[in-house]
Amino acid sequence: MNTERSKRLFDRAKALMPGGVNSPVRAFRGVGGEPLFFKSGEGAWLTDVDGNRYVDYVGSWGPLIFGHAFPPIVDAVTAAARSGTSFGAPHPGEVTLAELISRRMPSVEKVRLVSSGTEATTAAIRLARGATKRDVILKFEGCYHGAGDSFLVKAGSGVETLGLPDSPGVPAALARLTLTAPFNDLGAVERIFAERGGEIAAVIVEPVVGNMGVLIPRPGFLEGLRALCTKHGAIFILDEVMTGFRVARGGAQERYGIRPDLTTLGKVIGGGLPVGAYGGRRELMSLIAPEGPIYQAGTLSGNPLAVAAGIACLEALGSPGAYEKLEETSRQLCDGIEAEAKSAGVPLTVNRVGSMWTAFFTPHGEPVFDYASAKQADTARFGRFFHALLEEGVYLAPSQFEACFVSLAHGPREVDHTLAAVKKALRRL
Ligand SMILES: *Cc1c(COP(=O)(O)O)cnc(C)c1O
């Protein structure tokens, strides 16, 4: 495979940008080698600058639920751009997107649009702290809630891949306000609440974890967190930046029947443009400026292009059968991967919820349900698998600890191409 142009671009990039990238997980540190540069994407396929083509399972890390350059989104963005790229003042699209979100996610009674998931989670925590007049937050080991200071404690994903459990630059005094518990361990959360319940402003959780690879909540876990928050007067925040409108029409909260106090959103609601949102109970959201005293603002919040993309994406997701198709394609793919692994005699376990999935190379195919069990996975073996697939024209997330995504542009052709590549790759491990 010729990747000369990518190599040359990466050399230039490294001289100018930290690690040659604008976000750490892009740098291939989790799998070795050098990142590819892409020139275009169409549907489920990506084309790199040397002209190699790949079936894409990164989907820009989650937003591209319709694949690349989905015509309704491209048209909506183009039309919006012709009418002005930013007003810094209210415009109709903001209302439409807010209505779409709130209608599909009834717990989101009021919403504030922002420009990234990180902004959304950072603001949600500030709101929880301001509303409860408490400072401590509880998160789960391996969960990622964006790059905000309070969250860079056992934070999964990029941080996990790079082996930085905490980041320098986060004040120790602030990190001490972030408690962590193992995902899926309700007993541990009960013990923490028994000891410090009166100090805890919020529990924040990825309802389906995507940032330690995919972890599935055990029956009763999310319900238990909801009940503990209610009992102790803490705000329950579902971080649905990845799962929102991805794992069901109304997000993970619909899929698992959980009503959080606050929800954070991003990725799919922007259809590939920079959008985030946080929202929830009306009286909580009314504490946000200018209605209330808790400050949060953004020059490009509710940007017309981003909002137009989000509206086009959510409207298209409203068409009948969209989630059934995602489920079916993803099931065929993941069942196929498991079958190929079995016939190759390679131990592997696949976690999947809807169109989010991770194949973990645990030593004997043991199940993965929390940080510790995920860490059993053989990352060197994953790296070899990743590169073998790349050679065969399949682009997975470049880390064992990431979710892969199926889009509505993926179909039988892409699944067949992928499974043929998986068969070859597993025999080369
Ligand atoms: C991606 C992600 C974020 C951060 O969103 P950005 O837009 O990258 O800032 C937060 N929480 C979860 C669960 C995510 O998957």
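Indexing begins at 1, ligand by ligand and atom by atom, following the structure's order.
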Would you mind running through ligand 1 and noting each atom that sits below 4.0 Å from a heavy atom of Y144? 11 (N), 12 (C), 13 (C)

Please table the atom pairs, donor to acceptor, closer than 3.5 Å between any side-chain atom in residues 303-327 and protein atoms at least two apart or in another chain.
from, atom 1, to, atom 2, distance (Å)
N303, OD1, L305, N, 3.0
N303, OD1, A306, N, 3.1
N303, ND2, T85, O, 2.8
S319, OG, A316, O, 2.9
Y323, OH, F245, O, 2.6
K325, NZ, L408, O, 2.7
E327, OE2, R352, NH1, 3.0
E327, OE2, R352, NH2, 3.3

For the pair E34 and K14, find out whether any cationic side-chain nitrogen is under 4.0 Å from an anionic carboxylate oxygen. yes

Student check: side-chain heavy atoms of T329 and E414 closer than 4.5 Å: no

Under-4.0 Å heavy-atom contact with ligand 1, by part of N211 that carries it: side chain

Contact atoms of ligand 1, heavy-atom distance to E206 under 4.0 Å: 13 (C)

Quick note on ligand 1: atoms under 4.0 Å from a heavy atom of H145 include exactly 10 (C), 11 (N)

Does E223 come within less than 4.0 Å of R226, counting only side-chain N to carboxylate O? no

What protein heavy atom sits nearest atom 5 (O) of ligand 1, and how far off is it? G117 CA, 3.2 Å

Would you verify whether the NZ or CZ of R218 falls within 45 degrees of the ring axis of F369 while also being under 6.0 Å from that six-membered ring's centre? yes

Interfacing atoms of ligand 1 (cut-off 4.0 Å, heavy-atom, S116): 7 (O), 9 (O)

For atom 11 (N) of ligand 1, find the nearest protein heavy atom and state the residue, atom name and distance (0.1 Å precision). D239 OD2, 2.7 Å

Ignoring hydrogens and angles, state whether a donor on the side chain of K110 or S286 is under 3.5 Å from an acceptor on the partner side chain. yes

Quick test of your reading of the model: are E199 and R176 salt-bridged, counting only N-O distances below 4.0 Å? no

In the protein, which heavy atom is nearest to atom 8 (O) of ligand 1, and how far is it? T118 OG1, 4.4 Å

Under 4.0 Å to a heavy atom of M242 - the qualifying atoms of ligand 1, by number: 15 (O)

Just wondering, more than 12 heavy atoms not from E283 lying within 6.0 Å of its CD? yes

Considering only the protein, which heavy-atom contact is closest to atom 3 (C) of ligand 1, and what is its distance? V241 CG1, 3.7 Å

Just need the protein heavy atom nearest to atom 1 (C) of ligand 1, so name the residue and atom and give the distance. K267 NZ, 1.6 Å

